[in-house]
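Proteins come first, then strands; the chains are lettered A, B, ... in the order of their sequence lines, and each starts at number 1. Basis for what follows: all heavy atoms, side chains included, without hydrogens, waters or symmetry-related copies.
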Amino acid sequence: MQEDAAPSSGSDSAKRPPVREIHDPYPSFSSIAVDVKHDEIVMTDENLFQVLVYDRRTNTPARATMSEPRRAIGGEKTKIEFQCGLYIDPESGDIYAVNNDTVDTLAIFSRNAKGNVAPDRELRTPHGTFGIAVDEGRSELFLTVQHSNSIVIYDKMATGDDQPLRLIQGSATRLADPHGIALDPKNKVMFVTNHGSLREFHIEADGKSTMPTRSTIAGSGRVVASSINVYAIDAKGDVAPIRVITGPNTQMNWATGLAVDEERGELYVANDMDDSVLVFRTDAEGDVAPVRMLKGPKTGMKNPTGIMVDSKNGELLVANFGNHSATIYKLPAGGNTAPLRKIRSGPSDQPALMIGNPGSVAYDSKREEILVPN
Amino acid sequence: MLGRTMHGIAYDPVHDEILVPQPFAQSVLIFNAAISGEQPPTRYIQGPLTQLSDPDKVDIDPVHNEIFVPDRDKILVFPRTANGNVAPLRVIKMPKEGAVSAVTVDPVHNVVIATSNLRGQPSKIMFFDRTAQGEVAPKGIVTGPKTMLTGTFGVRAHPQKGLVLVCMNGPVSVGAHEGAFVGVWSITDHGDVPPRWTIGGPHGVLKQPRGVDLDVKNKSIVVSDKVRNAVLTFYFPEIFN
């Protein structure tokens, strides 16, 4: 052990303020849903840890700094942190908000919840949930789980420590960092986006547990192409997808949010790193090009992560994590098309910092730059 | 090859490279620090020989050209230039079924510093010889109530002064922890030793500090905070003078 390597004790410095803080003061929208019954748009804000509710017809004027939400849910009691998935009960308006990497709780709020309030219902979930979808006909709730390459299916009204009804996990599933999920109950299938990071897990042979294992096989990691995997809606266990959409023609680049337009038989994909929305036929398979793309400067999209089809009003809604906005388009959307409306949570000339759970930091002394992984 | 869930990063000032662990693909990615946009890594460590299971943090020893990766109950040490499916040079196994949550290396004093937060056990800072190998006892351990450690996340060595900075984020990762701070200890400390300085708390501006690094030229400390979802810079000349 080296001796006298350090100086002697210093003074109390706990209260010294920082000389600088890098922080985005505006909400950054990560997921989006519509309450068609009450004409409201609900969004999660991963930056300031909130769920925000807007009038569905909100359209932020070009000169306005932002639009104010009707209601905001946020604060320590809410258990809201990095909410990345959202579902609105079409009848009750209940808000289902999915936590990602830091809180293993699905928080469910009544429609009129506001402020720093505890969830009306909580479901303890596996670590790392991301996407959510609900099959109202079967009263089943689906969650993707990044950290264990799995999908868990609960009773929609599950609460507390209730266990999943079914689990999809294992090598055959080809799940690789799953994110978004959407259901097509008419054709009895589910769609799941995968970013492509893959590692194998020790799966119990008896298949009795419906909670995913996080016991990884060392050295099994690899990167595969982004994909959309299609499973039977009642799939369970280590089951292979029915179909997979993947390959360079698909133009997927961190495909994240998913939405099905049942009437047109189309699948909308929020393509985060390409600032685009891809549209596939719901029966697409393999290395196929999208039938349409929504992309270009007129769209106003930047890092789209959340997406929803509003069949009642004939609209496509996109949450843009990269520019403090949600953009709403007329269905069927495509091309370099301007949105019908835009909801901004910050000034139009200020890009979002996109800091999300800054787990570490490094200082680049050559360029005098701060490096932040998310 | 990056993911949307990464909790570690290190900058190599000698070779101008950035290192990032990617747990979902069990890899460590090494990038040229000058790049911008969607670019492939210069090198990456991944494959069955690596023993990588859950790489969440990383540090670099640019003097002895080694990469340190904490991984559950061990520290994996790779050559700096490792590329592909490469076995570690050394494995430091935590004693008595211990676990390691973060690691940093002091190449001046030849010390590896690791933190541990096993459930049901007090948090601790462990000091090993840089060249330690196998299951070895640390040559120093800082733990106990005077340390105020009820959890740790990121850790960074300050080799020029023989110090180590530890993010104390509290016992749970959810919500704010009013007792949070970045603590500074000497690498010669041993036992129930309070931090020589605390930054941003307890009961200060930090709520869940996760990462820390040093800006030596400007005598400053850079800290990332999960609950503030922000990066803060503190002027702190005491530990640089």
Mind checking the OG1-CH2 spacing from A:Thr305 to A:Trp254? Nearest 0.5 Å is all I need. 12.0 Å
For B:Thr50, is it the side chain, the backbone, both, or neither that has a heavy atom closer than 4.5 Å to a heavy atom of chain A? side chain
A:Leu353, part contacting chain B, at a heavy-atom distance under 4.5 Å: neither
Measure B:Arg228 against the heavy atoms of chain A and call it side chain, backbone, both or neither at under 4.5 Å. both
Whether A:Asp104 and A:Arg124 form a salt bridge (side-chain N of Lys/Arg under 4.0 Å from carboxylate O of Asp/Glu) is what I want to check. no
In terms of heavy-atom proximity below 4.5 Å to chain B, should A:Ile370 be classed as side chain, backbone, both, or neither? side chain
Under 4.5 Å heavy-atom distance to chain A, tell me which part of B:Glu38 shows up: side chain, backbone, both or neither. side chain
Less than 4.5 Å to any heavy atom of chain A: does that hold for the side chain of B:Ile9, its backbone, both, or neither? both
Side chain from CB out, backbone as N, CA, C, O: work out which of these in A:Asp177 comes under 4.5 Å of a heavy atom of chain B, or both, or neither. side chain
Check each atom of B:Asn229 against the heavy atoms of chain A and say whether the ones under 4.5 Å are side chain, backbone, both or neither. both
Contact leader toward chain B among A:Arg199, A:His147, A:His23, A:Glu46, where contacts are heavy-atom pairs under 4.5 Å: A:Arg199
CA sep, side-chain torsions, deciding dist, call: A:Thr256, A:Thr193, side-chain hydrogen bond (donor to acceptor under 3.5 Å, both in side chains): CA-CA 6 Å; A:Thr256 303; A:Thr193 55; 5.8 Å; no
If we define contacts as heavy-atom pairs under 4.5 Å, which of B:Gly200, B:Gly154, B:Pro209 has the most with chain A? B:Gly200
Using heavy-atom distances under 4.5 Å, tell me whether A:Asp272 contacts chain B through its side chain, its backbone, both, or neither. side chain
Check: A:Ser276 side chain, A:Lys295 main-chain N or O, donor-acceptor pair, under 3.5 Å: no
Between B:Lys226 and A:Glu81, is there a side-chain N and carboxylate O pair less than 4.0 Å apart? yes
When B:Ala25, B:Gly211, B:Gly3, B:Ala230 are compared by non-hydrogen pairs under 4.5 Å with chain A, the top option: B:Ala25
Chain B contact via A:His179 - side chain, backbone, both or neither, heavy atoms under 4.5 Å: side chain
Please identify, among A:Arg214, A:Gln146, A:Met273, A:Glu368, the residue contributing the most non-hydrogen atom pairs under 4.5 Å to chain B. A:Gln146
Is it the backbone or the side chain of B:Leu214 that comes under 4.5 Å from a heavy atom of chain A, or both, or neither? backbone
Please find the pair of heavy atoms, one from B:His203 and one from A:Lys15, that lie closest to each other, and give the distance. O-NZ, 2.7 Å
Do B:Arg156 and B:Asp59 sit within salt-bridge range, that is, some charged N less than 4.0 Å from a carboxylate O? yes
Audit row: B:Ile60, B:Glu17, side-chain contact (heavy atoms from CB on, under 4.5 Å) steps and yes/no: CA-CA 10 Å; B:Ile60 178 75; B:Glu17 291 183 328; over 6 Å; no
Tell me whether the centres of the aromatic rings in B:Phe68 and B:Phe78 are closer together than 6.0 Å. no
Taking every non-hydrogen pair under 4.5 Å, which of B:Val216, B:Leu2, B:Ile199, B:Leu49 racks up the most with chain A? B:Leu2
Measure across B:Pro48 and B:Asn85 and return the closest heavy-atom pair with its distance rounded to 0.1 Å. N-OD1, 3.3 Å
With rounding to the nearest 0.5 angstrom, report the OH to CG distance, A:Tyr363 to B:Asn218. 5.5 Å
Non-hydrogen atoms of chain A under 4.5 Å away: do they reach the side chain of B:Lys217, the backbone, both or neither? side chain
Output the option from B:Tyr44, B:Phe234, B:Phe153 having the highest count of non-hydrogen pairs under 4.5 Å with chain A. B:Phe234
Can you tell which part of A:Asn374 gets under 4.5 Å to a heavy atom of chain B, answering side chain, backbone, both or neither? backbone
How close do A:Leu48 and A:Pro25 get, counting heavy atoms only, and between which atoms? CD1-O, 3.5 Å
Checking heavy atoms, do the side chain of B:Asn169, its backbone, both or neither come under 4.5 Å from chain A? neither
Sort B:Ala33 into side chain, backbone, both or neither according to what part of it lies under 4.5 angstrom from a heavy atom of chain A. both
Does this structure show an ion pair linking B:Lys207 with A:Glu76, if we count only N-O contacts that are shorter than 4.0 Å? no
With a 4.5 Å cut-off on heavy-atom pairs, point out which of B:Asp71, B:Val172, B:Asp215 contacts chain A the most. B:Asp215
Give, as side chain, backbone, both or neither, the part of B:Gln51 having an atom under 4.5 angstrom from any heavy atom of chain A. backbone
What distance do A:Ile151 atom CD1 and A:Gln169 atom CD have between them, rounded to the nearest 0.5 Å? 10.5 Å
Under 4.5 Å to a heavy atom of chain A? For B:Val20 that would be neither
Heavy-atom distance under 4.5 Å to chain A: side chain of B:Ala176, backbone, both or neither? both
Select one option (side chain, backbone, both, neither) describing which atoms of A:Phe130 are under 4.5 Å from chain B's heavy atoms. side chain
Give the ring-plane orientation class for B:Phe240 versus B:His158, where under 30° counts as parallel, over 60° as perpendicular and anything between as tilted. tilted
Salt bridge present between A:Arg367 and B:Asp16 (N-O < 4.0 angstrom): yes
Please classify the contact between A:Glu369 and chain B as side chain, backbone, both or neither, with a heavy-atom cut-off of under 4.5 Å. neither
With chain B, which of A:Val372, A:Asn253, A:Ile217 has the greatest number of heavy-atom pairs at distances under 4.5 Å? A:Asn253
